[in-house]
Amino acid sequence: MSLERARAELDDVRARLRAIQKRLLRRKGEVNPDRKWRSSPASPCCLVLLVYTRGNAEVVANFAQGLGWRRAPRVAALTTEDRSKLLADLESQFDSVPLASIAAVQEDPVRAGVCSEGEAISVIRWLVEHSLFGWVQEQNSLRGVAPSRRQLVDKALSAIPVIAPERLQQRVRSSLSGSLRSQRKWLAKFRLRWGLRLGKLRIQNHLSVSDKQALAYFQWINAASAAAPACQPPLLINMDETSLVRHVSGLIGTVVKNPSNGCQLGEVAPLCDRRSYITYLATITHDSEVQPRLPQVLIGNERQFTATIMNSVDFLPSNVYLWRCKSAWNSHMLMRRYLSLLASSLGSVLKERYVILILDVARCHLHPTILAHAKRCGIRLCFIPALMTAELQPCDTHLFARFKATFREHWRRQKALSIAGSLSTFQWLEVVVSSLQAVLPADWDAAFAASGALAEQTRVADVLCAKLGWASAPLVPEGLPTVETASLVFPKKMKALLHQEMEALKRRRVELKRECKRAAKDQKLLAAKRQRLLKAHAGCCDLTLLAQNDQAWQAAKGLSAADLQLLLNRAEGDRPTTCKANLVMQSLLQVVLAPPLVSPMCLGDCVTVDAPTAATCTWPRLCDDVFSLWIAD
């Protein structure tokens, strides 16, 4: 019984000790408002620092405030006036010190009687760590580098003041260049004293963002929204691409340390699945009622989406589409196809709303044919500045991270239920579809507002303003941006490419005008030739009937009168070539009835020619192609 009582008393004493230790720690962490600095500016250590830093009052002021001294009581932060007064006192103190005293301190502060050897070594170590702390800040912010242990030790050794006595330098150098264990212990204390941590930097697309680019984009999107008619409210839609891997690897979870059954731990996945990706064209809008209409497209190559899979998939929702292409990358052709799909999916919404599609400036989004096709579909395009999609694109800021996390979780659950831990393409598609259905039915109004696309930037996120260096969103100019301002949206290489495209379009427009003039001239010559043929063969009734058919005359303008007569004679005879001659005549009329390859009416703001031009497809060559079978026999 006495033993149990002794144990209870011991536990009570331990609890009291822990409570006292916690109170002591809290008192050490409290800020003393009456104490303005850790060390007096007139102390010997400050004098030694002034000599070693050659009168740098900023460094000595940091030492006096206790920066880098973790064990010292915390002092209140100095105001601007107190800081200026402290700097002035330190400078005047250094100026008032006799040169003989400065020389004695520089030679050896210990022998001069200014401070002890321990204080001198502590001052040198603090000066080394202060220089090292500034260097780490520069590497993190300007160069994006988290220095390693070896880099920190090398920089600390080079930061030892050469003005200090060799004896003191050697003692500090030996403490820094010891064993690896001693270096790690010193670095751990250094990080603790100076508020650093052991970790890695967050990867960013760029080190700084341009507020001019953001203002150009805001002015563009505001002008596009203001251009909407009164009866058609603006509807903002954002489309962006992201990749989806076939086999997700590297997920963090619970793993057995020592398997009892002796089985080898690990997941098995072929290299082709780990390197196989598809492209997901995600589309969101700020209107929750229109969101279910928007198409969600999955682009895969012919090996990923085989013909069997395309014919067998029957569980896709009405707004999810599979596109089987030669490559899983987006392209100009697929963008035009997407615009047509978006227009057909919106349906009557195109008449009720003023649709604005927000895209980034990827190469597959910028082409004259895409702009022209969007105009034909009734969709206006607006582009996000280069290198700023992480801050201004709603899909990047609010959708993709949530969707990828949901996709990984659904994939892990499906893999846990599958046989041998492998998923077929059908199961993988079910995972993608279930992730889309779990994430997309949401209100994305906050995403568009936080990125500055809605409400004229009155609801811009504070994080975006901080990255742009704004206290709040500035006043954006009204109207469309100028050419110089709008050029900030596109990358430098893309500006040169667009300039070349515009020059090529101008040259092509001039060429088409010339071709139209030639066509009009040829039509006049054809009419004159028709009159001459009628006069030359006035007695032939068959040719007269043929002349009454304008289409036949248009097709026969490259043939001579003898060829026409031979064709009619064969068509009227009973020889075996009669059927083939009739087929040739029908083929000739089909060529004539075909729509023109280049229409003179397509001359407008943007000219697109996807088929061969009229200059390369002349009528004589077409007639030769029509009669090729007949001539071969």
Side-chain angles (χ1 to χ4, degrees), residues 37-72 90-91 93-95 97-140 143 145-198:
W37 44 71
R38 174 200 168 272
S39 179
S40 175
S43 64
C45 293
C46 290
L47 177 60
V48 175
L49 269 178
L50 283 171
V51 175
Y52 285 168
T53 59
R54 304 184 186 277
N56 191 339
E58 290 285 348
V59 178
V60 183
N62 293 335
F63 175 80
Q65 285 189 268
L67 184 63
W69 296 91
R70 185 75 175 183
R71 295 181 181 179
L90 291 172
E91 292 175 357
Q93 177 186 351
F94 182 74
D95 295 338
V97 176
L99 294 178
S101 301
I102 294 177
V105 172
Q106 183 174 349
E107 183 178 355
D108 196 336
V110 179
R111 294 177 182 176
V114 177
C115 61
S116 63
E117 187 168 346
E119 290 176 343
I121 293 176
S122 299
V123 167
I124 295 176
R125 285 180 176 174
W126 184 92
L127 188 58
V128 169
E129 292 185 358
H130 183 273
S131 175
L132 189 61
F133 175 71
W135 180 74
V136 171
Q137 279 187 323
E138 178 185 354
Q139 293 295 318
N140 290 168
R143 291 171 175 81
V145 176
S148 62
R149 174 194 58 80
R150 184 71 262 175
Q151 288 178 295
L152 291 172
V153 172
D154 293 343
K155 183 63 180 178
L157 292 175
S158 64
I160 297 176
V162 295
I163 197 174
E166 184 63 29
R167 172 175 51 86
L168 300 179
Q169 291 186 40
Q170 187 61 32
R171 288 195 58 179
V172 176
R173 190 178 293 109
S174 61
S175 64
L176 294 177
S177 59
S179 62
L180 297 180
R181 184 172 180 271
S182 63
Q183 289 179 3
R184 294 191 185 97
K185 291 179 68 177
W186 167 72
L187 287 176
K189 295 178 181 179
F190 165 70
R191 298 188 187 99
L192 183 64
R193 287 192 295 265
W194 292 87
L196 305 177
R197 64 178 177 86
L198 182 63

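A quick note: this is a predicted structure, and the numbers were derived from the prediction, not measured.
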Do other residues, nucleotides or ligands put more than 12 heavy atoms under 6.0 Å from the [atom1] atom of [X]?
{"X": "R150", "atom1": "CZ", "result": "yes"}
{"X": "R111", "atom1": "CZ", "result": "no"}
{"X": "R167", "atom1": "CZ", "result": "yes"}
{"X": "R191", "atom1": "CZ", "result": "yes"}

Answer whether the closest heavy-atom distance between the side chains of [X] and [Y] falls below 4.5 Å.
{"X": "S175", "Y": "R125", "result": "yes"}
{"X": "P147", "Y": "N140", "result": "yes"}
{"X": "W194", "Y": "L132", "result": "no"}
{"X": "W135", "Y": "S158", "result": "no"}
{"X": "E117", "Y": "L168", "result": "yes"}
{"X": "L180", "Y": "R149", "result": "yes"}

Can you tell me how far the [atom1] atom of [X] sits from the [atom2] atom of [Y], to the nearest 0.5 Å?
{"X": "L198", "Y": "R184", "atom1": "CG", "atom2": "CZ", "answer": "10.5 Å"}
{"X": "L127", "Y": "N62", "atom1": "CG", "atom2": "CG", "answer": "11.0 Å"}
{"X": "L152", "Y": "L176", "atom1": "CG", "atom2": "CG", "answer": "11.0 Å"}
{"X": "I124", "Y": "E119", "atom1": "CD1", "atom2": "CD", "answer": "12.5 Å"}

Taking [Y]'s backbone N and O only, do any of them form a donor-acceptor pair with [X]'s side chain (distance below 3.5 Å, no angle check)?
{"X": "N56", "Y": "L50", "result": "no"}
{"X": "Q169", "Y": "A164", "result": "yes"}
{"X": "S122", "Y": "G118", "result": "yes"}
{"X": "Q151", "Y": "S148", "result": "yes"}

All heavy atoms of V128 vs all of A159, minimum pair found to be CG2-O, 3.9 Å
Note: W126 and V59 closest approach over all heavy atoms is CH2-O, 3.3 Å
